[in-house]
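Here the structure is a predicted model, which is why all the values come from computation and not from measurement. What's counted below: heavy atoms across the whole structure, side chains too, no hydrogens, waters or symmetry copies. Numbering of ligands and ligand atoms starts at 1, following listing order.
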Amino acid sequence: MKLNTTLALAAATATGLLSATSAYGFNLKTERSDLFNLFNERVNQERLWMEDSSAKMLELDPETLRWTGGVDPVDVFFINEGAGYRNQLFYSANGGTAEMIFADIASPESILKEANGPMKLGDGASLGTFAGDTSLDFRIKANGANNSNGKIYGADISANADGLQHVVAYEYFDKVAKENWVILGFEDLFGVHYNEGGSSDRDFNDVVIAVRGVTGDRVSVPEPSSTVAVLGLAALGMAGLRKSKKEL
Ligand SMILES: [Ca+2]
Ligand SMILES: [Ca+2]
């Protein structure tokens, strides 16, 4: 009997490094600074136009996020924010009612610091577990803490008021706790980039969260043949560059 208990505890320690304390109050920056720093490094520089993604982490289609069952809860951690707005974060499961996760995403520690912001970098909230395979949709209400009519932006592009992408998603597998993470970056400004006649900066760092325990589908990558074609074009471009330099 005693052996069984010991084994159970050992198993819990090995696999449940985080889930043992995954309820509200768990701070990722404090408890797993390695993961927090990795995710925080992925946060885009303020007002840097994100035209294409880096290959540092695998890019996901943010519309496909889901929890696939099991015993581990879904936990959401605030990584950073570079926003003048006081944004709010919501989620809905299987298209159901939107539930609030963070009511005022502002912090004295974030990229755009706000002294009276209530959040610490790394703060977490647990969504608990769901019944079976569950589709999860994360959305922000732009400046929702100050404006109850703030615009809602999420992964479904057709549901966004400007018909544009407002979420980027990346996947990371933590080998230490053997857990899957998805990092989401939201853009809170309406419309196209100011270089294209709009007033947005399209920096996708206005709310950045890391979600533990979910997965999603990878964004489709070009077929090998077209990859070769692209590489070929790049090589041509380089050759052209060298040639024109020589001519100078
Ligand atoms: Ca920003
Ligand atoms: Ca922005």
Determine the minimum heavy-atom distance between S92 and T97, stating which atoms define it.
-> CB-O, 3.6 Å

Closest to the Ca ion (ligand 2), among the N/O/S atoms of D206, is atom OD2

Separation of E81 CD from L121 CG (nearest 0.5 Å) = 8.5 Å

Is the distance between the Ca ion (ligand 1) and the nearest N/O/S atom of N44 smaller than 3.0 Å?
-> no

Are R42 and Y172 in a cation-pi setup, meaning NZ or CZ lies under 6.0 angstrom from the ring centre and within 45 degrees of the ring axis?
-> no

Are any N, O or S atoms from G82 nearer to the Ca ion (ligand 1) than 3.0 Å?
-> yes

If you measure only the distance, is there a donor-acceptor pair under 3.5 Å linking the side chains of N80 and S110?
-> no

Looking at D201, which of its N, O or S atoms is the nearest one to the Ca ion (ligand 2)?
-> OD1

Stepwise side chain to side chain donor-acceptor pair (under 3.5 Å) check, N116 with R86 | CA-CA 11 Å; N116 65 350; R86 309 284 289 239; 2.9 Å; yes

Sort out for me which residue in F173, F77, Y170 forms a ring pair (Phe, Tyr, Trp, His ring centres under 6.0 Å) with W181.
-> F77

Restricting to N, O or S atoms of D203, which is nearest to the Ca ion (ligand 2)?
-> OD1

N/O/S atom of E187 inside 3.0 Å of the Ca ion (ligand 2), strictly under | yes

Looking at E46, pick out the N, O or S atom nearest to the Ca ion (ligand 1) and give its name.
-> OE1

